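The structure appears right after this line, and notes come after that.
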Amino acid sequence: MIQRIQSIYLLLAAALMATFLFCPIAQFTTPDGIYSFTSQGVSTVMAEPAAIPAEAGAAIAQTSVFTPTWGILALGAVIALLSVVAIFLYKNRPTQARICMINAFFLVTFYIIIFLSGYTFHEDLAATATSWSACVVIPFVALVLDILAYRAINKDERLVRSLDRIR
């Protein structure tokens, strides 16, 4: 029964979340330069030449910034892993449905953490502009796929229970 539609939904959700872990989330433009926000952290993309003294030619390497965001990376990896684990729980539909709901809760929490982190980094870097990547939609699509998988699992469970009543 591993070929059920919810297995496809969960596999797509896991693949999307694994892809999201390597996509840029946002870019912050500051007077000092441009910073990139990914699930691994915030790093300098380009330092502003006006902020670097003329005699310090190698100062760009000294002004590069990397702030890790381990919470976002870990939660994204847990979400992808839970989707894969739920695929192989096809023999135990109630547990599979519970894992899907836990995963949906984690996805909503993930979104909240991303936007709170983006707001915090925007304020900390004193950014003049923030441009969000189109990749920010990926966790939402994974959430929709997770909910569709949950509905399909419940549909299968109702079908099995109705057949048990007939006997």
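A quick note: this is a predicted structure, and the numbers were derived from the prediction, not measured.
- Taking the side chain as every heavy atom from C-beta outward, Phe66 and Val42 never approach each other to under 4.5 Å.
- In the hydrophobic cluster analysis, where Ile, Leu, Val, Met, Phe, Trp and Tyr join through side-chain heavy atoms closer than 4.5 angstrom, Leu16 is grouped together with Trp132.
- Atoms OH and OG1, on Tyr35 and Thr44 in that order, are 5.0 Å from each other to the nearest 0.5 Å.
- Using a distance-only test at 3.5 Å, with no hydrogens or angles considered, a donor-acceptor pair links the side chain of Thr69 to the main chain of Ser39.
- To the nearest 0.5 Å, atom CG of residue Leu107 and atom CD1 of residue Ile102 are 12.5 Å apart.
- Across Gln40 and Leu21, no two heavy atoms sit closer than the pair NE2-O, 2.8 Å.
- Taking all atoms of both residues into account, the shortest heavy-atom contact from Ile5 to Ala152 is CG2-CB, 3.9 Å.
- Pairing each heavy atom of Pro31 with each of Ala126, the nearest pair is CD-O, 4.0 Å.
- Expressed to the nearest 0.5 Å, how far CZ of Arg158 lies from CG of Leu163 amounts to 13.0 Å.
- Side-chain contact between Ile114 and Phe20 is present, with at least one heavy-atom pair separated by less than 4.5 Å.
- Each of Leu11, Leu12, Leu10 was scored for a side-chain contact (heavy atoms from CB on, under 4.5 Å) with Ile8, with one residue passing: Leu12.
- Checked against side-chain hydrogen bond (donor to acceptor under 3.5 Å, both in side chains), Thr120 has no partners two or more places apart in sequence or in another chain.
- Judged purely by distance below 3.5 Å, without hydrogens or angles, the side chains of Tyr150 and Asn154 pair a donor atom with an acceptor atom.
- Linking ILVMFWY side-chain heavy atoms closer than 4.5 Å, directly or via other members, places Phe22 and Ile72 in two distinct hydrophobic clusters.
- At a threshold of 4.5 Å between non-hydrogen side-chain atoms, the residues Ile87 and Gln6 do not count as touching.
- By the 30° and 60° cut-offs, the orientation of the rings of Phe140 relative to Tyr111 is perpendicular.
- A donor-acceptor pair shorter than 3.5 Å can be found between the side chains of Arg4 and Gln96.
- Closest non-hydrogen pair, Val108 versus Leu143, comes out as CG2-CD2, 4.1 Å.
- Within 6.0 Å of CZ on Phe105 lie no more than 12 heavy atoms contributed by other residues, nucleotides or ligands.
- For the pair Thr19 and Cys23, the tightest heavy-atom approach, listed with the atom from each and the gap, is O-SG, 3.3 Å.
- In this structure, CD1 on Ile25 lies 12.5 Å from OG on Ser131, to the nearest 0.5 angstrom.
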* To do: In sequence, state the C-alpha distance, the side-chain angles, and the governing distance for Phe106 and Phe110, and then conclude on ring pair (Phe, Tyr, Trp, His ring centres under 6.0 Å).
  => CA-CA 6 Å; Phe106 282 163; Phe110 187 69; over 10 Å; no
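- Looking at heavy atoms from C-beta onward, Met101 lies out of side-chain contact with Asp146 at the 4.5 angstrom threshold.
- Remark: Arg161 CZ to Asp156 CG distance equals 12.0 Å, nearest 0.5 Å.
- Under the 4.5 Å side-chain heavy-atom criterion for Ile, Leu, Val, Met, Phe, Trp and Tyr, Ile112 and Val137 are members of the same hydrophobic cluster.
- Cluster membership check: Trp70 does not share its hydrophobic cluster with Leu116, using side-chain heavy-atom separations under 4.5 Å among Ile, Leu, Val, Met, Phe, Trp and Tyr.
- Put simply, the side chain of Met17 reaches to within 4.5 Å of the side chain of Pro139, judged on heavy atoms.
- Among all heavy-atom pairs drawn from Ala127 and Phe28, the shortest one is CB-CB, 4.0 Å.
- Between the side chain of Asn103 and the main chain of Leu82, no donor-acceptor pair closer than 3.5 Å is present.
- Side chain of Ser133 to backbone of Pro24: a donor-acceptor contact under 3.5 angstrom is found.
- In this structure, the side chain of Thr128 engages the main chain of Thr29 through a donor-acceptor pair within 3.5 Å.
- The side-chain heavy atoms of Phe37 and Gln27, taken from C-beta on, include no pair separated by under 4.5 Å.
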* Evaluation steps, side-chain contact (heavy atoms from CB on, under 4.5 Å), between Thr67 and Phe121 -> CA-CA 10 Å; Thr67 304; Phe121 287 130; 4.2 Å; yes
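- Follow the hydrophobic side-chain contacts under 4.5 Å out from Phe88 and you never reach Ile153; the two are in separate clusters.
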